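Remember, it's a predicted structure, so these values are computed and weren't measured experimentally. Proteins get letters first, then strands, A, B, ... in listed order; numbering begins at 1 in each. Excluded from the calculations below are hydrogen atoms, water molecules and symmetry mates; all remaining heavy atoms, backbone and side chain alike, are included.
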Amino acid sequence: MSGIDEKEYRQICNFIFLECQLADEGRWEEWEELLAADMNYWVPINGEEADPNWDVSIINDNRSRLATRIRQLRTGTRHSQAPISVIRRMVSNIVMNEDDDGIVVVEGNFVAHEYQNQSTMMMNIWPGRVRYRLRRVKGSYEIVQKRVDLVMSTGKLPTLAFII
Amino acid sequence: MRDTTTPDIGSLIEKDTIHSSLYTDREIFELECEKIFEGNWVYVAHESELPRNGDYLRRTMGTTPILVTKTAKGIHVVVNRCTHRGNLLCPAPRGRKKAFGCQYHGWVFGPDGELVEIPFPDGSENLDKSKLGLRTARVESYRGFVFASLNHDVDDLVTYLGHARQALDRASDLSPVGEILLSKTWIQHSFKANWKMISENEADGYHVNFVHDSFAKAITPEGKYENVIKEDEEGIGSVSRYLGNGHTEIDYEVSYGAPMKWLGVKEDRYPEYTKAMKERYGEEEANTIMRKGPPHTFIFPNLFLAETCFVVIQPISVNESINWHTPLYLQGVPDKLNQRILRQGEPAMGPSAFLTADDAVIAERQWNALDGAPGWLDLSRGADREIEKDDGVLQSHYTDETSNRGFWSHYKSVFA
């Protein structure tokens, strides 16, 4: 883990855990504060082969589109998240590295348990790998990219209207 | 083969009211698979997905697994199930093969369904191989859109498409070489609802202001939404249409004031494209095509041309359906234009989309509310103000149920 000491490793893990908690709890205003102005939020379906400019993605938001997504969630009439799903997610197996531009690249496995309480009333389980690109700012971090590769991305997916 | 326990579907559909059991009755679902998805034309593929001889795609017609294959003789559609013991013959979603060998006992079939080889032939020497080929469908295409029917005794495809043919033209003509292009990547969004709830929703303008009001609030409306997200009914110029044979449409043409507005860009954004279009169609026609934009048309029973998205509806069971989507790319255009098509469609369609995610949840609530609490549902809106045009197409206000009354009248005729 070049360029990252024990203390920073812990600090970055805490940052990721906070990001997950805010997303779980639908605390979107606080969640948005973690994002860089050039943030990309990407949920591809083809794994490593995915070309974001040719293959359709489940989500491929730039910062402005992500802002629209959050505004829509906050209207209260985003039916697929009204009420918001009850979600708890775990992140583990975290590894991190610093790239040549000083961006911290963090990867881990995750699983989100979603109680879909809008229509199907089912427990949806969303396992996958999450990758962050973090920029160091003022003693903390901002998220330049959050990429989520779902285990079942090439199969059928139920509605995924919360922030994964 | 009907018996006395078969539901009398005709009695469940009146001109402007339908019975909820049409969405929830398991027996009706089985009948639909037989009469609709095996009994008449169903969209199966686009030719751009099968560029070379030997290419194949694994698809479904209703709940029946099929293979769409291409050989020097053309495109074939065969049932993807070994005639020996019923194993799924080809499990891969797509690829290239000269023959399909069953992984269970090694029977080998050609891409046209012919049984070409049985391993250890001595023990099977009395078997008539000519009778054990894969079940084949009749196949026809229009502008590269491939349809198949497991019932060979049906009208030709062009007759079946009728006025909906113009929607396939409208999509294809946006390309300066006259063809759309589909990539290999599809997203599958599962709805725990009946397939007809998706099919009807495609050309239902009435729901837009309500199901999608959160989207309207979150964006600065532009393009078509400027015209249809309104409190004022009279201000909406877009129209709903019934095209015949179950095909329905919403036309946003009126809201596209200038060429390329459908893509949310200025008309001179892609000069190379504009030039190629004018060379092919002439200045005036090219401008008309680029102003009208892509269709928003549902082709019975499973194809939805959703402007910049290409959608196929797959029924799984009485209460599950998959909405497949991929970008509706154009051949012979700059990469940047196709990228814009991708970016335009991504937030509209799929499990995380600003639009379809909400449609799915509403359809699921609707299905749950109907199951076990049957009743009659109203479809009368606009019946007194729709007009029949000279060509027989029914047209009415954007929010009128002209489209879905037509859908159901066709559905009823299938079971008559």
Side-chain angles (χ1 to χ4, degrees), chain A residues 28 40-47 49-62 64-85 114 116-122 124 126 148 150 152-164, chain B residues 93 182-193 210-220 309-310 314 316 319-327 329 335-336 338-343 345-347 349-369:
Chain A
W28 303 301
N40 168 240
Y41 171 42
W42 189 26
V43 186
I45 72 161
N46 272 359
E49 290 169 21
D51 172 358
N53 290 323
W54 183 251
D55 297 308
V56 63
S57 296
I58 299 162
I59 298 170
N60 189 350
D61 288 353
N62 60 14
S64 138
R65 190 163 278 179
L66 184 52
T68 303
R69 188 176 295 282
I70 303 291
R71 278 199 302 277
Q72 187 183 26
L73 285 165
R74 292 175 61 187
T75 58
T77 53
R78 168 66 157 164
H79 305 293
S80 48
Q81 278 300 301
I84 64 170
S85 298
E114 178 208 11
Q116 200 272 35
N117 57 351
Q118 299 87 29
S119 54
T120 62
M121 304 298 164
M122 281 168 33
N124 292 331
W126 301 91
V148 177
L150 295 167
M152 65 295 202
S153 68
T154 55
K156 64 180 181 181
L157 296 163
T159 295
L160 173 57
F162 62 91
I163 301 291
I164 186 88
Chain B
L182 300 186
S183 77
K184 291 179 180 171
T185 314
W186 293 78
I187 289 176
Q188 302 175 47
H189 184 188
S190 164
F191 286 44
K192 291 281 183 194
F210 308 98
V211 174
H212 304 305
D213 94 302
S214 66
F215 179 58
K217 285 176 192 153
I219 58 161
T220 319
C309 292
F310 191 98
Q314 179 189 6
I316 301 290
N319 70 334
E320 187 179 8
S321 319
I322 298 179
N323 207 47
W324 292 69
H325 81 99
T326 195
Y329 287 137
D335 290 347
K336 290 274 181 213
N338 275 334
Q339 273 174 33
R340 177 84 193 175
I341 285 174
L342 169 66
R343 289 286 102 83
E346 246 161 6
M349 202 61 70
S352 302
F354 297 158
L355 299 175
T356 339
D358 295 324
D359 292 311
V361 162
I362 296 292
E364 287 163 349
R365 287 179 183 161
Q366 185 191 7
W367 196 89
N368 291 341

Once rounded to the nearest 0.5 Å, what's the spacing between atom [atom1] of [X] and atom [atom2] of [Y]?
X        : Y        : atom1 : atom2 : value
B:Ile322 : A:Leu157 : CD1   : CG    : 9.5 Å
B:Ile187 : A:Ser57  : CD1   : OG    : 6.5 Å
B:Leu355 : A:Ser80  : CG    : OG    : 10.0 Å

Is the shortest side-chain heavy-atom distance between [X] and [Y] below 4.5 Å?
X        : Y        : answer
A:Trp54  : B:Asp335 : no
A:Asn53  : B:Arg343 : yes
A:Gln116 : B:Lys192 : no
A:Ile58  : B:Pro351 : yes

When only pairs under 4.5 Å are counted, which of [options] shares the most heavy-atom pairs with chain A?
options                                : answer
B:Cys309, B:Ser190, B:Ser183, B:Ala363 : B:Ser190
B:Glu346, B:His325, B:Glu364           : B:Glu346
B:Asn368, B:Thr356, B:Val361           : B:Val361
B:Lys184, B:Lys217, B:Gln339           : B:Gln339
B:Ala353, B:Ala193, B:Ala360, B:Gly350 : B:Ala353

So, the part of B:Trp367 with a heavy atom under 4.5 Å from chain A: the answer is neither
Honestly, the part of B:Tyr329 sitting under 4.5 Å from a heavy atom of chain A is side chain
[X] to [Y] - nearest heavy-atom pair and separation:
X        : Y        : value
A:Gln72  : B:Asp358 : NE2-OD2, 3.6 Å
B:Thr326 : A:Val56  : CA-CG1, 4.5 Å
B:Phe354 : A:Arg78  : O-NH1, 3.2 Å
A:Thr77  : B:Asp213 : OG1-OD1, 2.9 Å
B:Ser214 : A:Thr75  : CB-OG1, 3.1 Å

Contact origin within [X] toward chain B - heavy atom pairs under 4.5 Å:
X        : answer
A:Ser153 : neither
A:Met122 : side chain
A:Ile59  : side chain
A:Ala82  : backbone
A:Ile45  : side chain

Taking only residues two or more places apart in sequence or in another chain, which ones pass side chain to side chain contact (heavy atoms under 4.5 Å, CB included) with A:Arg74?
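A:Trp28, A:Glu29, A:Ile70.
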Taken in chain and number order and not counting sequence neighbours, the residues that satisfy side chain to side chain contact (heavy atoms under 4.5 Å, CB included) with A:Asn40 are A:Trp42, A:Asn60, A:Gln145
TODO: Apply the side-chain hydrogen bond (donor to acceptor under 3.5 Å, both in side chains) test between A:Lys156 and each candidate in B:Gln188, B:Gln314, B:Glu320, B:His189; give the one that qualifies.
DONE: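 Result for side-chain hydrogen bond (donor to acceptor under 3.5 Å, both in side chains) with A:Lys156: B:Glu320.
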Problem - Donor-acceptor under 3.5 Å (B:Arg365 side chain, A:Gln118 main chain) - result: yes
Check: B:Ser352 side chain, A:Leu160 main-chain N or O, donor-acceptor pair, under 3.5 Å: yes
